[in-house]
Amino acid sequence: MGGARSALYNWLVARRTGGTFILRIEDTDAERNREEWVEGIYSSLRWLGLDWDELYRQSERADLYREAAEKLFAAGAAYYCDCTREDVVARTGDQNRGYDRFCRDRGLEPGPGRVLRFLVPDEGATVVHDLIRGEPVFEHTAIEDFPLVRGNGSALFILANVVDDVDNRVTHVIRGEEHLPNTPKYLLLWRALGGPEEPVFAHLPVLVNEQRRKLSKRRPEDRVELELYRDEGYLPEAMINYLALLGWGPGGDREFLTLDELMAEFRLEDVNSSPAFFDQKKLLHFNQHYIAALPPEEFVERCRPFVGEQADTAEFQALAPLVQERVKTLAEAPGMVAFLFTDEVAYDEKDWDKRVARHPDAAALLDETAAAFESCLWDADTLRDAVAEIGERHGQGLGKAQFPVRVAVMGKAVGPPLFESMAVLGRERTLNRLRAAQARLGSSA
RNA sequence: GCCCCCAUCGUCUAGUGGCCUAGGACACCACCCUUUCAAGGUGGCGGCACGGGUUCGAAUCCCGUUGGGGGUGCCA
């Protein structure tokens, strides 16, 4: 989720400035990389509609990184080190102290198991120019001699990133705030590599959960995978809109913006600097709004993965507008229209019990309604008037009187408007269901 | 521990020294509408963390305190 928000902001900046949006797969750690995760990135980005101009994987550029490492070592900007984590902790007595520079002057040559470390200057400080955070200063004494290359010869992420960013002439580094502490290292490396004009940085506020902790894949309840939302029937435009608002606002009282509007109005300089809670409830509200705003034909189209081929029927089409304003996700659509696609109504037993079995006049209501429906005109208004009149005879308002009919025809007490639904269902099927309900009620009584 | 970041209703935000007795949205509550459920409408609840400055005037600028978060990996 955080990555998607970062991607969106990057995409927005690239598109509005005529820049190039580069998708780079940072898979330098072969052991942790999984092909399905990479596929997940592609499909999620495509789902959101964030198209990329260039694509490459760092795992294909190892030669470039090796070359840069050799150059750094030759120039004395980096040195080899054979200390293990345990060695360092044993010497410093501190789990979180960072590397103690033990190997700086040992003159180690490259070799298996030896990491290449960047030699951070003892003096001075590095200033980060950040569009969102101003100019944080990092004293070099507080920066450890960080590793660039693993003992197995592969590049770590910071080396790969700087090499690629120099190579790509990257102008904007827009990423999560958790990377801010890496930035002085990035800058030191950039300069050591003789990079051209430095990029401008924008460190976005992190996305947090209810406990105000950074959203994490490790915590399933954080629900950070986009696929989860796609599969539950969230609309990408709702997700985009909501994500854009996490850390940024268009000013004034507007909240609903299309991708095009975002592109026109988004400014990195206006991004907030404090963490934002990813509120699934508000996302749901956005989704509901976007579903209701869909043209009915498109709603039907988008429901197909959830409703199946039956989504194409004229009955579903006819009811679509009434369904749209009653669902918050596309996944709820089947429950709304299932009654259209069956001959045998599946009763919700609770509703049947409460609204039919224990309804004082259910039997009479069902009988009279069935009789009236035999020959009346078949449109929603007529059907409503008929039931209203029958209800009146029993001293009941339409709100109460419709329940036995509703449960008989649709199987449950909640759903799309009854009379419109019956109009779509047709006389024969409606009558069959009323009779089935009469029989069921009679046999249980 | 050390480094860095952050601080307006519960949440996301508007607000960039006077337009603020702080506006909107989500959530929540009430009422209206109503064929269920929704949607919609109206109203309500609720906030500038605290303390010092600067200024005629501060939510807005400065300092400090407190609180929260991130980093501190041969992960990214």
Side-chain angles (χ1 to χ4, degrees), chain A residues 3 26-29 31-33 58 81 83-85 94-99 113-117 128 130 132-134 136-139 141-144 146-158 160-161 175-184 203 205-206 208 210-214 242 245-256 270 272-286 288-289 292 322-328 336 351 355 380 383-384 387-388 391 397-403 405-407 410 412-421:
Chain A
E26 307 194 324
D27 54 355
T28 54
D29 191 342
E31 285 179 23
R32 296 177 198 231
N33 184 54
Q58 291 185 321
C81 164
C83 302
T84 62
R85 179 83 199 146
D94 190 333
Q95 288 285 344
N96 297 112
R97 252 295 172 42
Y99 184 61
R114 292 180 177 177
V115 303
L116 181 68
R117 288 183 181 277
V128 175
D130 192 292
I132 298 172
R133 291 168 205 281
V137 179
F138 296 84
E139 297 292 336
T141 50
I143 303 174
E144 68 169 331
F146 53 95
L148 301 171
V149 179
R150 292 188 181 83
N152 68 9
S154 65
L156 266 327
F157 115 106
I158 192 152
N161 281 8
R175 57 198 336 185
E177 187 194 350
E178 67 270 23
H179 286 292
L180 190 49
N182 289 325
T183 308
H203 286 95
V206 292
V208 300
E210 218 147 8
Q211 285 73 240
R212 299 251 121 210
R213 319 279 312 190
K214 186 169 79 120
Y242 179 63
L245 262 27
L246 253 24
W248 177 83
D253 294 337
R254 286 184 312 143
E255 284 205 309
F256 295 114
D270 298 332
N272 287 149
S273 41
S274 46
F277 169 55
F278 181 75
D279 188 352
Q280 293 178 40
K281 284 227 188 79
K282 188 150 186 176
L283 202 217
L284 197 57
H285 171 79
F286 271 74
Q288 176 177 51
H289 170 89
L322 297 173
V323 173
Q324 280 175 260
E325 57 182 18
R326 284 172 172 76
V327 296
K328 287 174 157 46
M336 285 278 166
D351 286 343
R355 302 302 190 180
L383 300 177
R384 186 194 56 232
V387 174
L398 191 47
K400 276 240 157 96
Q402 53 106 32
F403 272 123
V405 178
R406 171 178 285 278
V407 175
M410 305 173 72
K412 51 188 182 180
V414 170
L418 174 62
F419 305 108
E420 288 77 357
S421 297

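Quick note: numbers below take in every heavy atom, side chains included, and nothing from hydrogens, waters or symmetry partners. Just so we're on the same page: letters track the sequence lines, and every chain starts at 1.
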What's the [atom1]-[atom2] distance between [X] and [N], to the nearest Å?
X	N	atom1	atom2	answer
Glu420(A)	A38(B)	CD	C1'	13 Å
Met336(A)	A39(B)	CE	C1'	11 Å
Asp130(A)	G70(B)	CG	P	18 Å
Phe286(A)	U11(B)	CZ	C1'	12 Å
Asn182(A)	C75(B)	CG	P	13 Å
Arg85(A)	G73(B)	CZ	C1'	7 Å
Asp94(A)	U72(B)	CG	C1'	10 Å
Arg213(A)	G70(B)	CZ	C1'	10 Å

Looking only at atom [atom1], what distance separates [N] and [M], rounded to whole Å?
N	M	atom1	value
G51(B)	U11(B)	C1'	28 Å
G67(B)	C48(B)	C1'	16 Å
A49(B)	G10(B)	P	11 Å
U21(B)	C26(B)	P	26 Å
C12(B)	C6(B)	C1'	16 Å
G64(B)	A7(B)	C1'	15 Å
C50(B)	G44(B)	P	25 Å
U60(B)	G47(B)	C1'	15 Å

From the options [options], select the nucleotide whose nearest atom is closest to the side chain of [X].
X	options	result
Asn272(A)	A14(B), C3(B), U11(B)	A14(B)
Gln402(A)	C37(B), U35(B), A76(B)	U35(B)
Phe157(A)	U35(B), G23(B), A76(B)	A76(B)
Glu178(A)	U11(B), A39(B), G70(B)	G70(B)
Arg326(A)	U36(B), U35(B), C75(B)	U36(B)

Any [X] side-chain N or O less than 4.0 Å from OP1/OP2 of [N]:
X	N	answer
Thr28(A)	C75(B)	no
Arg150(A)	A76(B)	yes
Arg97(A)	C3(B)	no

Using 4.0 Å as the upper bound for N to carboxylate O, is an ion pair formed by [Y] and [X]?
X	Y	result
Glu177(A)	Arg133(A)	yes
Glu31(A)	Arg150(A)	no
Asp279(A)	Lys282(A)	no

(message) Could you check whether any side-chain heavy atom of Arg406(A) comes within less than 4.5 Å of a side-chain heavy atom of Ser421(A), counting everything from C-beta outward?
(response)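 Result no, sub-4.5 Å side-chain heavy-atom pair not found.
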
(message) Quick one, Val137(A) and Pro184(A) - any side-chain contact, counting heavy atoms below 4.5 Å?
(response)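 Val137(A) does not reach Pro184(A) side chain to side chain.
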
(message) Counting the atoms with a prime plus P, OP1 and OP2 as sugar-phosphate, which does Arg212(A) contact under 4.0 Å by heavy atoms, base, sugar-phosphate, or nothing?
(response)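 Touches sugar-phosphate only.
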
(request) Indicate, with a heavy-atom threshold strictly under 4.0 Å, whether His203(A) touches base, sugar-phosphate, or nothing. (result)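 No contact.
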
(message) Nearest 0.5 angstrom please: Phe277(A) CZ to Arg212(A) CZ, how far?
(response)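 One finds 8.0 Å between CZ of Phe277(A) and CZ of Arg212(A).
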
(request) With Gln58(A) as reference, evaluate Asn161(A), Asp27(A), Thr28(A) under the side chain to side chain donor-acceptor pair (under 3.5 Å) test and give the passing residue. (result)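 Exactly one pass, corresponding to Asn161(A).
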
(request) For atom CD of Glu26(A), decide whether the heavy atoms of other residues, nucleotides or ligands shown that lie under 6.0 angstrom number more than 12. (result)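 Counting neighbours around CD of Glu26(A), more than 12 heavy atoms of other residues, nucleotides or ligands fall under 6.0 Å, so yes.
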
(request) Give a yes or no answer on whether the side chain of Arg326(A) reaches the backbone of Leu322(A) with a donor-acceptor pair at less than 3.5 Å. (result)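 Yes; judged by distance alone, with no hydrogens or angles, the pair exists.
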
Can you name the atoms? Protein N/O to nucleotides 26-32 of chain B N/O, anything below 3.5 Å, with the distance.
residue, atom, partner, partner atom, Å
C26(B), OP1, His285(A), NE2, 3.4

(message) According to ring pair (Phe, Tyr, Trp, His ring centres under 6.0 Å), who are the partners of Phe146(A), at least two apart in sequence or on a separate chain?
(response)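 Per chain and number, Phe146(A) pairs via ring pair (Phe, Tyr, Trp, His ring centres under 6.0 Å) with Phe118(A).
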
(request) Would you mind telling me which residue lines up with the more 5' stretch of RNA chain B, Val206(A) or Pro417(A), judged by nearest nucleotide? (result)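 Going by which nucleotide is closer to the 5' end, it is Pro417(A).
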
(request) Return the 5'-most residue of the pair Phe419(A), Arg117(A) with respect to RNA chain B, ranking by each residue's nearest nucleotide. (result)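 This one resolves to Phe419(A).
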
(message) With a 3.5 Å limit on both atom pairs, tell me what U42(B) is paired to, counting Watson-Crick and G-U wobble, or say none.
(response)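 Base partner found: A30(B).
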
(request) Show your working on side-chain hydrogen bond (donor to acceptor under 3.5 Å, both in side chains) between Asn272(A) and Ser274(A) and close with a plain yes or no. (result) CA-CA 6 Å; Asn272(A) 287 149; Ser274(A) 46; 5.6 Å; no

(request) Take the angle between the ring planes of Phe157(A) and His179(A) and call it parallel below 30°, perpendicular above 60°, tilted in between. (result)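 Rings of Phe157(A) and His179(A): tilted, as their planes differ by 30° to 60°.
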
At a cut-off of 3.5 Å, list every protein nitrogen or oxygen paired with a nitrogen or oxygen from nucleotides 5-8 of chain B, distance to 0.1 Å.
residue, atom, partner, partner atom, Å
C5(B), O2', Arg133(A), NH1, 2.5
C5(B), O2', Glu177(A), OE2, 2.9

